[in-house]
Amino acid sequence: MNEVRSCPICLHDKSELLYTQKFAEHFEHKIVLCNFCGFVYVNNTPSQKYYNEYYKNQSKYEGTRQHEMHDEFTYKQFDYILRKFIPKNSSILEVGCSVGKLLDFIKHRGYKNLLGVEPAPECRIIAKKDYNISVITSTLEKFASKRKYDLVIFSAVLEHLTEVRNAIIKAYSLLNTNGMIYICVPDAERFHKKFDEPYGEFSTEHINFFTEKSLYQLMSNCDKVFIKSDGKAIVSLWKKIKIEDNGMHKYISQSQKKMGLILKKIELLPKNTIIWGVGALTQRLLMTTKIRNKIFKFVDSNKNLIGKKLDGIDILSPDKLVEYNNPILISSFAFKDEIAKETRKRELKNKIVTF
Ligand SMILES: [Zn+2]
């Protein structure tokens with residue numbers, strides 16, 4: 001059963017049909033352009049589960065795919081990337097490693113810590129026999145690993161996946177701090193520049209058509225380390241960056257500290273305190289502290305609130321304050337100065353407490 005797939009890059013679900021590629025009576029790919037980010041992809045794909053089964057059972061595929069992208073250009077760039085950015089003691093995981101030819105290439109450059117993941121079970125046996133490379137028979141989705149990796153490789157893989165974002169998120173979770181992701185995909189931007197067979201690029205297996213721009217979007221939570229295209233393939237390397245919290249941790253710990261001081265002040269309040277301000281702060285304090293026991297009356301200058309009750313306690317006008325000598329707590333940060341000014345203007349003799 002086919003599903004209508006949202007854009008794998010931006011998750012937008014509106015697209016424009018570019019072309020329908022027919023393969024058989026009931027098998028066609030609708031190639032669409034995302035209305036939001038411009039990514040071109042097949043939107044009537046079967047589920048990832050269908051593809052997992054498909055790739056598991058494709059024995060022909062095991063033999064052919066290993067040559068698909070590993071031509072002179074990609075090997076040369078990959079070799080450069082290894083030498084320049086990947087230390088020899090790195091732990092390396094290749095996703096969709098097929099029979100392990102690329103891992104063997106890496107092994108011959110002095111790397112020892114290598115592992116492949118590949119759904120087709122025969123690949124594990126061939127990789128062991130031909131290259132003495134360890135391969136786990138699994139999809140990336142199901143792959144469970146206690147250890148982390150310094151480099152995760154997607155070579156000629158992402159163009160096949162229905163859930164591209166999930167694959168990158170999973171890879172990201174498998175990386176050490178400062179770990180890297182290597183991505184090699186066909187360069188869709190240049191299909192027309194190296195025009196050959198009509199519609200030849202719309203194969204049964206390719207469902208995502210990447211450009212440099214779409215890779216940047218997909219990898220927006222990584223730093224680009226390297227990106228290069230020869231017009232056929234884009235070779236790229238991305239570095240995991242520390243997740244920024246934009247000071248949220250700091251804000252929360254500042255709040256905790258201040259809240260501690262507020263709780264102490266509430267504890268020290270006499271039982272007959274007048275609370276000036278019935279805004280969000282007061283309402284939150286009523287819900288989360290024992291301030292209720294300390295309140296005599298509320299005061300607020302908002303005419304819509306005067307005469308009403310909050311939590312069963314009267315809300316008075318500031319004009320009424322002359323009748324009471326109870327201490328007043330200014331329960332507002334936003335209007336703290338304004339309220340203090342008001343108490344001075346009214347020449348109130350009450351004790352004034354602030355947070
Ligand atoms: Zn999109």
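Using a 4.5 Å cut-off on side-chain heavy atoms (C-beta onward), T282 and L285 make no contact. Within the 4.5 Å cutoff, side-chain heavy atoms of R346 are placed close to those of D319. Side-chain contact between M180 and W238: absent, with no pair of heavy atoms (C-beta onward) separated by less than 4.5 Å. Between L11 and F36, every side-chain heavy-atom pair lies at or beyond the 4.5 Å cut-off. Looking at L151 and L237, their side chains come closer than 4.5 Å, going by heavy atoms from C-beta outward. Between I291 and L329, some side-chain heavy-atom pair lies under the 4.5 Å cut-off. Looking only at side-chain heavy atoms (C-beta outward), F298 and L305 stay at 4.5 Å or farther from each other. Put simply, the side chain of E342 does not reach to within 4.5 Å of the side chain of S301, judged on heavy atoms.
Judged by distance alone, with hydrogens and angles left aside, the side-chain atoms of K88 form a donor-acceptor pair with the main-chain N or O of R109 at under 3.5 Å. A donor-acceptor pair is defined here as one N or O able to donate and one able to accept, closer than 3.5 Å; such a pair exists between the side chain of S236 and the backbone of I183. Using modelled atom types, no side-chain atom of K107 and backbone atom of I133 make a donor-acceptor pair closer than 3.5 Å. Using a distance-only test at 3.5 Å, with no hydrogens or angles considered, a donor-acceptor pair links the side chain of R165 to the main chain of I9. For N166 (side chain) and E141 (main-chain N/O), no donor-acceptor pair under 3.5 Å exists by modelled atom type. Checking side-chain atoms of K240 against main-chain N and O of I181 turns up no donor-acceptor pair under 3.5 Å. Not one N or O on the side chain of D150 forms a donor-acceptor pair closer than 3.5 Å with the backbone of N176. Looking at K148, its side chain does come within 3.5 Å of a backbone N or O of S173 through a donor-acceptor pair. Looking at K228, its side chain never comes within 3.5 Å of a backbone N or O of V235 through a donor-acceptor pair. With D314 contributing its side chain and L316 its backbone, the two residues share no donor-acceptor pair below 3.5 Å.
Hydrophobic cluster membership is shared by I168 and V117, with clusters built from Ile, Leu, Val, Met, Phe, Trp and Tyr side chains linked at under 4.5 angstrom. Hydrophobic clustering places L321 together with F296 (ILVMFWY residues linked when any side-chain heavy atoms are closer than 4.5 Å, directly or through intermediates). Residues I136 and Y149 fall within the same hydrophobic cluster, defined by Ile, Leu, Val, Met, Phe, Trp and Tyr side chains chained together at heavy-atom separations under 4.5 Å. Under the 4.5 Å side-chain heavy-atom criterion for Ile, Leu, Val, Met, Phe, Trp and Tyr, V157 and I169 are members of distinct hydrophobic clusters. Hydrophobic clustering, with ILVMFWY side chains joined whenever heavy atoms are under 4.5 angstrom apart, groups I315 together with L286.
Note that CD1 of I295 is 8.5 Å distant from OG1 of T273, once rounded to the nearest 0.5 Å. Once rounded to the nearest 0.5 Å, the distance linking CG of L281 with OG of S331 reads 4.0 Å. Here S145 contributes atom OG and L174 contributes atom CG; the two are 6.0 Å apart, rounded to the nearest 0.5 Å. Interatomic distance, I207 CD1 to N44 CG, rounded to the nearest 0.5 Å: 10.0 Å. The line from SG of C7 to CG of N35 is 10.0 Å long, rounded to the nearest 0.5 Å. Interatomic distance, F202 CZ to E28 CD, rounded to the nearest 0.5 Å: 14.0 Å.
Atom CZ of F335 is surrounded by 12 or fewer heavy atoms from other residues, nucleotides or ligands within 6.0 Å. Atom CD of Q254 sits in a crowded spot, with more than 12 heavy atoms from other residues, nucleotides or ligands closer than 6.0 Å. Annotation for E323: atom CD counts as buried by contact number, over 12 foreign heavy atoms lying within 6.0 Å. By the 6.0 Å contact criterion, CG on D79 is enclosed, its count of non-hydrogen atoms from other residues, nucleotides or ligands being greater than 12.
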| said: Determine whether V152 and L175 satisfy the following criterion, side chain to side chain contact (heavy atoms under 4.5 Å, CB included), listing intermediate values before the conclusion. | reply: CA-CA 7 Å; V152 174; L175 287 179; 3.7 Å; yes
| query | Given C123 and V99, is the side chain to side chain contact (heavy atoms under 4.5 Å, CB included) satisfied, shown in steps? | reply | CA-CA 5 Å; C123 289; V99 296; 4.1 Å; yes
| said: Determine whether S6 and H12 satisfy the following criterion, side chain to side chain contact (heavy atoms under 4.5 Å, CB included), listing intermediate values before the conclusion. | reply: CA-CA 6 Å; S6 297; H12 186 60; over 6 Å; no
| request: Under the side chain to side chain contact (heavy atoms under 4.5 Å, CB included) rule, what do D300 and L310 come out as? Steps first, then yes or no, please. | output: CA-CA 11 Å; D300 205 287; L310 175 62; over 6 Å; no
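A search for ring pair (Phe, Tyr, Trp, His ring centres under 6.0 Å) contacts involving Y199 returns Y19, not counting sequence neighbours. Y41 pairs by the ring pair (Phe, Tyr, Trp, His ring centres under 6.0 Å) definition with nothing, not counting sequence neighbours. Taking the salt bridge (Lys or Arg N to Asp or Glu O under 4.0 Å) definition, one finds that K294 meets it with nothing, sequence neighbours left out. By the ring pair (Phe, Tyr, Trp, His ring centres under 6.0 Å) test, F27 is found to be paired with F23, H29, residues two or more places apart in sequence or in another chain being considered.
Counting all heavy atoms, side chain and backbone alike, L140 lies closest to K170 at O-NZ, 2.9 Å. Contact record, N350 with Y324: ND2-O, 3.0 Å, taken as the closest heavy-atom pair. Closest non-hydrogen pair, D245 versus G247, comes out as OD1-N, 2.9 Å. S229 and K232 get closest at one heavy-atom pair: OG-N, 4.4 Å. Shown here for D311 and R292, the closest heavy-atom pair between the two residues is O-NH2, 3.0 Å. Here the closest non-hydrogen pair linking L114 and L103 is CD1-O, 3.5 Å.
Between F105 and F78, the angle of the ring planes lies from 30° to 60°, which puts this pair in the tilted group.
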Donor-acceptor list for residues 256-272 side chains, cut-off 3.5 Å, not counting sequence neighbours:
| from | atom 1 | to | atom 2 | distance (Å) |
| --- | --- | --- | --- | --- |
| K265 | NZ | T354 | O | 2.7 |

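A salt bridge does not link K341 to D337: none of the charged side-chain nitrogens sits closer than 4.0 Å to a carboxylate oxygen. Using a cut-off of 4.0 Å between Lys/Arg side-chain N and Asp/Glu carboxylate O, K239 and D223 are scored as not salt-bridged.
Checked against a 6.0 Å centroid threshold, the rings of F226 and Y182 do not count as neighbours. Taking the centre of each ring, F39 and F210 come in below the 6.0 Å mark.
Among pairs with a residue in residues 180-202, those fulfilling salt bridge (charged side-chain N to carboxylate O under 4.0 Å, His left out) read D187-R190, R190-E212, at least two apart in sequence or across chains.
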